[in-house]
Each structure stands twice: as structure tokens, then as C-alpha cells.
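Here is the structure we will look at, set down as C-alpha cells.
Side chains are part of it too, since the values below use all heavy atoms of this structure and drop only hydrogens, waters and symmetry mates.
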Amino acid sequence: MLSKRGYSESFAKIQCATACPQHVIEMVDARPQLNLDYNHCTFCGECQLVCDSGALGKELGIINLQPEFISSCNNKLSGGCEVCADACPQKAIIIEPRKLPQVDASLCNGCGLCRSACFIGAVQMTFVVSS
């Protein structure tokens, strides 16, 4: 049985997941985890409003994720695919024919729209260390 403190901490963790209108926060081993497999983050801040621990930070729009492109990318294999770049609201993805897309880290906010748009799953979101 959870103590009062343990119960409130567990409840707070669940609140951030349920507060997310995009449903990109899921509970894994009783901890919230960002999952951009099927949707993207809009940076609405709803999860931050209910997070008492400060784990989500106070600065909106920083989630330390960046897309990484794998070798099965259609643009690399056959050229002409710009689906990920077209989906990027920050215009942070640079496409050159028959090469893996490149990311301008100074523009990328890690929202995951490129991942959601890629119909073959060639975009993986990876954590980056902020400087």
C-alpha cells in the first residue's frame, strides 16, 4: 500500500500523462515517458501545468529530442522524398537528393512531426544533450 506521499507522487506522474491532449506521454514502469511514435508534441504546456516535481522544466518548447534518419529513408534510396521536411514546422530538415536528410539543430524543436509524417518509419527521435 502506498503512503500518502507515495500516492500523491504516483498521482502527479499520472496527471502529466492524462493532461497531454496529444497523448504522447505514457506510463512505463510507473514513470511518465514521451512517446512520439504515433503523434507529436505541440508544446501546449498542459503537462507542465500539472507537474509539481519540476521534472518537465519551466521553459516551454525544449524537450531535447532530435530526429535521426536511418538508411531505409526513401530519399537516400531513390531520391525525391521530402515528406519529413514538408512536415517540419521549423524548416529544420535539409534534403539533398539521394542522401539522408540533415537536421539544423539550431532550428529543430524536437516536436516529432517528421517522425509522424514518415510513412516508412525512417525517422527515430533521439535524446540530445543541451548545451
What closest approach, in Å, do [X] and [Y] show between heavy atoms, and which atom pair accounts for it?
X	Y	value
Ala105	Gln66	CB-OE1, 3.6 Å
Ser116	Leu36	OG-O, 4.3 Å
Glu46	Ala19	CB-O, 3.5 Å
Gln124	Arg115	CA-NH1, 3.3 Å
Cys16	Cys47	O-CB, 3.8 Å
Pro101	Cys73	CD-SG, 3.6 Å

Measure the [atom1]-[atom2] distance between [X] and [Y] for me, rounded to the nearest 0.5 Å.
X	Y	atom1	atom2	value
Met125	His40	CE	NE2	11.5 Å
Cys118	Asn74	SG	CG	7.0 Å
Cys41	Asn35	SG	CG	12.0 Å
Asp104	Cys88	CG	SG	9.5 Å
Leu100	Asn75	CG	CG	8.0 Å
Leu107	Gln90	CG	CD	7.5 Å

Worked verdict on Ile95 versus Cys84 for side chain to side chain contact (heavy atoms under 4.5 Å, CB included): CA-CA 9 Å; Ile95 303 284; Cys84 58; 4.0 Å; yes
Applying a strict under-4.5 Å side-chain criterion to I, L, V, M, F, W and Y, I'd like to know whether [X] and [Y] cluster together.
X	Y	value
Val123	Leu113	no
Ile70	Val128	no
Val83	Val103	no
Phe127	Phe43	yes

Counting only heavy atoms not in Lys91 (residues, nucleotides, ligands), do more than 12 fall under 6.0 Å from its NZ? yes
